[in-house]
Protein chains: 2
Amino acid sequence: MMNTKNTDQITVFKALADSVRLDIIEYLKHTDHEVSCGEVGKALNISKTSGSYHFKLLQEAGIITTRKEAREKYVSLNSKTFDKYVTNFYKNI
Amino acid sequence: MMNTKNTDQITVFKALADSVRLDIIEYLKHTDHEVSCGEVGKALNISKTSGSYHFKLLQEAGIITTRKEAREKYVSLNSKTFDKYVTNFYKNI
DNA sequence: TAAATAGTTCAAAAACCTTTGAACTATTTT
DNA sequence: AAAATAGTTCAAAGGTTTTTGAACTATTTA
């Protein structure tokens, strides 16, 4: 269980270390329907450029999964990543 | 359980989002005796100035507690912080 | 008392992250 | 076919974080 490089772990914590992204994560956790980037951006007052940047980081960290349908991109939380890198972090280091 | 500002949460994730600090945390988790900043710094090849900076951030995030004895500062992990802000993060947002 | 050791503080430099607006692609609606 | 909508990309600007060396305080050892 001893790490030597931690890069995925750091990518996840970096992705979580920002208020815009935490707001997005909360929004996704509390929503009961499939949501698009646009819906989240409007709800949280994030410009589309900035939203695009933050969704990309969340995706690269494995925190969200995305599905493109026509013009829209639907996003949802990937709970496996929380499990592996957040919830069990302390136990696993 | 709904957050509105998240500042402590972000301070914790920021503190965890760095490889030097993750190395320090691992070192503290795996050690069986009380350790000083100097011991950790030597073991991990961190300059004392840089060490001082990182220990300060970890302390401000509540991730370590410290005890000064004479010249030396002893550090240890504060598992309550992991409990509150890391292990239970996903459940609590 | 002088030298060594443990740590802190400061300012500068370097590296990294976030926001912005403009220009763009692709799809849908009128 | 033109206009509208959803999202991306780019470069520039601004902000934040990290590393560095020098100078510092406080304590201990020779």
Side-chain angles (χ1 to χ4, degrees), chain A residues 5-28 31 33-77, chain B residues 5-28 31 33-77:
Chain A
K5 274 249 107 240
N6 299 325
T7 64
D8 294 355
Q9 183 66 74
I10 292 168
T11 302
V12 170
F13 281 143
K14 276 199 172 136
L16 295 171
D18 176 88
S19 75
V20 173
R21 291 188 297 270
L22 284 188
D23 289 347
I24 291 172
I25 290 166
E26 276 186 41
Y27 188 90
L28 295 177
T31 203
H33 60 290
E34 209 188 20
V35 291
S36 66
C37 293
E39 173 182 336
V40 181
K42 264 158 215 153
L44 303 176
N45 259 276
I46 306 164
S47 75
K48 65 184 184 156
T49 316
S50 177
S52 193
Y53 169 72
H54 289 294
F55 286 115
K56 189 172 156 222
L57 258 54
L58 289 169
Q59 183 168 205
E60 284 168 355
I63 288 171
I64 58 172
T65 55
T66 65
R67 178 174 83 74
K68 184 122 205 199
E69 184 178 329
R71 279 191 303 198
E72 317 193 42
K73 187 171 157 183
Y74 292 98
V75 294
S76 50
L77 288 180
Chain B
K5 270 240 115 247
N6 299 324
T7 65
D8 295 356
Q9 182 66 73
I10 291 169
T11 302
V12 170
F13 281 143
K14 275 195 173 144
L16 295 171
D18 176 89
S19 75
V20 173
R21 293 189 294 273
L22 284 188
D23 288 347
I24 292 172
I25 290 167
E26 276 187 41
Y27 188 90
L28 296 176
T31 204
H33 61 289
E34 210 187 19
V35 292
S36 65
C37 293
E39 173 183 334
V40 181
K42 264 158 214 155
L44 303 177
N45 261 277
I46 305 164
S47 74
K48 65 184 182 156
T49 317
S50 175
S52 194
Y53 169 72
H54 289 293
F55 285 115
K56 189 173 156 222
L57 258 55
L58 288 170
Q59 183 168 204
E60 285 168 355
I63 288 171
I64 59 172
T65 56
T66 66
R67 179 173 80 75
K68 184 121 206 197
E69 183 177 327
R71 276 188 309 195
E72 312 189 49
K73 186 170 158 184
Y74 292 98
V75 294
S76 50
L77 289 180

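If you're wondering where the values come from, they're calculated on a predicted model, not measured in any experiment.
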Side-chain N or O of A:His54 less than 4.0 angstrom from OP1 or OP2 on C:dT19?
yes
From OH of B:Tyr74 across to C1' of C:dT5 the rounded distance in Å is 12 Å
Should A:Tyr53 and A:Thr49 count as side-chain neighbours, where that means a heavy-atom distance under 4.5 Å?
no
When every non-hydrogen atom of B:Ile63 is compared with those of B:Ala15, the smallest separation belongs to CD1-CB, 3.6 Å
Whole angstrom is fine here: how far is it from CD1 in B:Ile10 over to P in C:dC17?
16 Å
Rounded to whole angstrom units, what separation is found between the CD atom of B:Glu39 and the C1' atom of C:dA6?
13 Å
Side-chain N or O of B:Lys42 less than 4.0 angstrom from OP1 or OP2 on C:dA6?
yes
Answer yes or no: is there a side-chain heavy-atom contact under 4.5 Å between A:Asp18 and B:Ile10?
no
So how far is it from A:Asn45 CG to A:Ser50 OG, rounded to the nearest 0.5 Å?
11.0 Å
If I take atom CG in residue B:Asp18 and atom C1' in nucleotide D:dT19, what distance separates them, rounded to the nearest angstrom?
11 Å
If I take atom NZ in residue A:Lys14 and atom P in nucleotide D:dT16, what distance separates them, rounded to the nearest angstrom?
17 Å
A side-chain contact here means heavy atoms from C-beta on lying under 4.5 Å apart; do A:Ile24 and A:Ile46 qualify?
yes
Using atom NZ of A:Lys73 as one end and atom P of D:dT9 as the other, report the distance to the nearest whole Å.
8 Å
For DNA chain C, whose closest nucleotide is more 5', that of B:Cys37 or that of A:Ala70?
B:Cys37
Hey, could you give me the CD/CG distance between A:Glu26 and A:Leu44, rounded to the nearest 0.5 Å?
9.0 Å
Produce the list of close N/O pairs, under 3.5 Å, pairing protein atoms with atoms of nucleotides 10-15 of chain C; give distances to one decimal.
none

Closest non-hydrogen atom pair, B:Gln9 against A:Leu22
CG-CD1, 3.8 Å
Under-4.0 Å side-chain N/O to phosphate OP1/OP2 contact, A:Ser50 with C:dT19:
yes
When you get a sec, tell me which of C:dA6, C:dT18, D:dT20 is the closest nucleotide to the side chain of A:Arg21?
C:dT18
From CG (B:Asn6) to CG (A:Asp23), nearest 0.5 Å:
6.0 Å
Are OP1 or OP2 of D:dT29 and a side-chain N or O of B:Arg71 less than 4.0 angstrom apart?
no
A:Thr11 side chain to A:Thr7 main-chain N or O, any donor-acceptor pair under 3.5 Å?
yes
Can you sort out which residues in residues 56-69 of chain A have a heavy atom within less than 4.0 Å of DNA chain C? Ascending by number, please.
A:Leu57
Any heavy-atom pair between the side chains of A:Thr66 and A:Phe55 that's under 4.5 Å?
no
Rounded to whole Å, how long is the line connecting atom CD1 of A:Ile46 with atom P of C:dT20?
11 Å
Rounded off to whole Å, could you give me the CZ-to-P distance for the A:Phe55 and C:dT18 pair?
15 Å
When you check the phosphate oxygens OP1 and OP2 of D:dT5, does a side-chain N or O of A:Lys48 lie under 4.0 Å from one of them?
no
